[in-house]
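Structure first, commentary second.
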There are 2 protein chains.
Amino acid sequence: MKVLIVEDDPLHRSYLHEAVNAALPECDTVIEAENGTAGEKLARDHKSAHIVMDLQMASRNGIEAARTIWKERPETRILFWSNYSDEAYVRGVSRIVPDGAAYGYVLKSASDERLKLALRSIFIESQCVIDREVRGLQQKSLGQTNGFTDSEYEILVDIALGLTDRAIAKRRSLSLRSVQNRLQQLYDKLDVYQTAGDDHEDGRFNLRARAVTIAFLRKLLNYSALERAEAELQEWLDGK
Amino acid sequence: MKVLIVEDDPLHRSYLHEAVNAALPECDTVIEAENGTAGEKLARDHKSAHIVMDLQMASRNGIEAARTIWKERPETRILFWSNYSDEAYVRGVSRIVPDGAAYGYVLKSASDERLKLALRSIFIESQCVIDREVRGLQQKSLGQTNGFTDSEYEILVDIALGLTDRAIAKRRSLSLRSVQNRLQQLYDKLDVYQTAGDDHEDGRFNLRARAVTIAFLRKLLNYSALERAEAELQEWLDGK
DNA sequence: CAACAAGCTGCGGGTTTACGCAAGACGGCG
DNA sequence: CGCCGTCTTGCGTAAACCCGCAGCTTGTTG
């Protein structure tokens, strides 16, 4: 059994290496990549079906790498090992995991024990292991309570990219008015109107920009999500 | 001589601990804090004048911690040790360093050697040590070439926060028109108009939102900068 | 099938933005 | 001092945005 570690921080990488050795005696080879691009290549070359992947790497982040790897061989088991549980990451991951694939999401702050357990569960037992904290987010996020619909999230991304209403309408094949409807929905959910009783309309916000800000502060968006969205946008722009 | 390490990743913390021991035999005590708040407290209690500080910590980030520490004792020597050289960080740091203070900025990707050298230079020789890569940014950023004026940066932050033109005008004591002038200046510099010959006005951007996006993608802004700006904004809102 | 909720769309109008034009204000500099 | 560049401000306009109102299309449910 082979395990591929994709992680750009050398300290974390060697820590992982050790953890894998300790948790998986049945593993005979451990290979390492220090960024997403190299990770993809190694995964392809070695046909390795067991990967531990950092999100947030400089060159090509974990989500992108995972997506292409899963596209080639959906049965690959991937354990995401991340510093953060930003909703943006969680959403990004659950968007790309193939049906029935075994994967995991463990925070770097988890104990050695927890990490080892997750390694065994996923790689040996083919079970999904999602960190408790992440799980909470997932439920809230994908359930409708206080969570965002896909369409809401979609426009959020679109305005974060800086598109005009008209451009969004074109991209998503909607009428102008529908786009604006969704925007209002979004504004409601993000509670953008928090001015808390300003008598004289004084410190009003620019709703569109404010929504993006709040989404960022709440980690609904983060750099990585923006980056991916921007790439998709460029693709679309080129396509037509 | 005492050294305080403020760093939330345990692996990095122990690595630093070792590095300090190896580089500074004259150091007899090393204390550790795992977030900014604890770091401030320890710095105060121990009157420690030598600090290694991570930027980007969950609870209270390095820039904030450094600011309050320097406010209390400006002669403190601080070595910032960060994963990234985002312009937002660089600008944030150079904004708070007191006149004549010795400080350093070293990237986590630097070699052991470089780190140890920096530790000695700053803590023993009281010299500033700025990572080459960071230095480059600083020059470009603070020099006028391709860099952003303070007023430009200010307005960038204001629209990123989601303020309206009117609110910005009030906050910065400007006329509406001046705010809009500065915005245009900003749009120019950020090169927001990149649509590269769209015949039929098709995929136009919302300039205001797009500017923020581009700033984020270029790391002129990041989460930490936004967070700080938001805090300042709330202060201002409460104040009047 | 009727009833109803949820989403799409057009119309209309009040506000905010983006920006050209042009008149001061201020700070060097020969 | 007069000239010049930079910054500020007001006026005015076209476009974009926010959003209430209302008619339609669907999918769902009793």
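A, B, ... follow the sequence lines: proteins, then strands. Residue 1 opens every chain. Just the heavy atoms: all of them, side chains too, but no hydrogens, waters or symmetry mates, feed the values below. Small disclaimer: the values here were computed from a predicted structure and weren't measured.
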Whole-Å distance separating the [atom1] atom of [X] from the [atom2] atom of [N]:
X: B/Gln184; N: C/dG20; atom1: CD; atom2: P; result: 6 Å
X: B/Leu207; N: C/dT16; atom1: CG; atom2: C1'; result: 14 Å
X: B/Arg210; N: C/dA18; atom1: CZ; atom2: P; result: 15 Å
X: A/Leu174; N: C/dA6; atom1: CG; atom2: P; result: 19 Å
X: B/Leu163; N: C/dT16; atom1: CG; atom2: C1'; result: 14 Å
X: B/Gln185; N: D/dT9; atom1: CD; atom2: P; result: 13 Å
X: A/Lys189; N: C/dA6; atom1: NZ; atom2: C1'; result: 13 Å
X: A/Ile155; N: C/dC8; atom1: CD1; atom2: P; result: 9 Å

Report task. Spell out yes or no: do the side chain of B/Arg177 and the base of C/dG20 have one donor N/O and one acceptor N/O closer than 3.5 Å? Result ->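 When only heavy-atom distances are counted, B/Arg177 does reach the base of C/dG20 through a donor-acceptor pair under 3.5 Å.
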Requested in this report: Classify the side chain of B/Gln180 and the base of C/dC19 as holding, or not holding, a donor-acceptor pair under 3.5 Å.
Outcome: yes
Kindly say if [X] contacts the phosphate of [N], meaning a side-chain N or O under 4.0 Å from OP1 or OP2.
X: B/Ser178; N: D/dT9; value: yes
X: B/Arg166; N: C/dT16; value: yes
X: A/Asn206; N: D/dC17; value: no
X: B/Tyr193; N: C/dC19; value: yes

Report task. Give one of base, sugar-phosphate or nothing for B/Arg182, where a contact means two heavy atoms less than 4.0 Å apart. Result -> sugar-phosphate
Requested in this report: Scan A/Leu176 against the nucleic acid and name what it touches under 4.0 Å (heavy atoms): base, sugar-phosphate only, or nothing.
Outcome: nothing
Query raised in the report: In a check of side-chain contact (heavy atoms from CB on, under 4.5 Å) between A/Ile159 and each of A/Leu186, A/Val179, A/Leu207, which one passes?
Result: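 In the set A/Leu186, A/Val179, A/Leu207, the residue that makes a side-chain contact (heavy atoms from CB on, under 4.5 Å) with A/Ile159 is A/Leu186.
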Requested in this report: Output yes when A/Arg228 and A/Glu64 qualify as a salt bridge under the 4.0 Å nitrogen-oxygen rule, no when they do not.
Outcome: no
Query raised in the report: Between B/Glu7 and B/Trp81, is any pair of side-chain heavy atoms under 4.5 Å apart?
Result: yes
**Report entry** Validation row: A/Arg182, A/Glu154 side chains within 4.5 angstrom (heavy atoms)
**Finding:**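 Yes. Closest side-chain heavy atoms under 4.5 Å.
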Requested in this report: Could you say whether B/Ser175 or A/Tyr187 is positioned toward the 5' end of DNA chain D, judged by the nucleotide with the nearest heavy atom to each?
Outcome: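 Whichever sits nearer the 5' end wins; that is B/Ser175.
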Query raised in the report: Between B/Glu133 and B/Ser85, is any side-chain donor less than 3.5 angstrom from a side-chain acceptor?
Result: yes
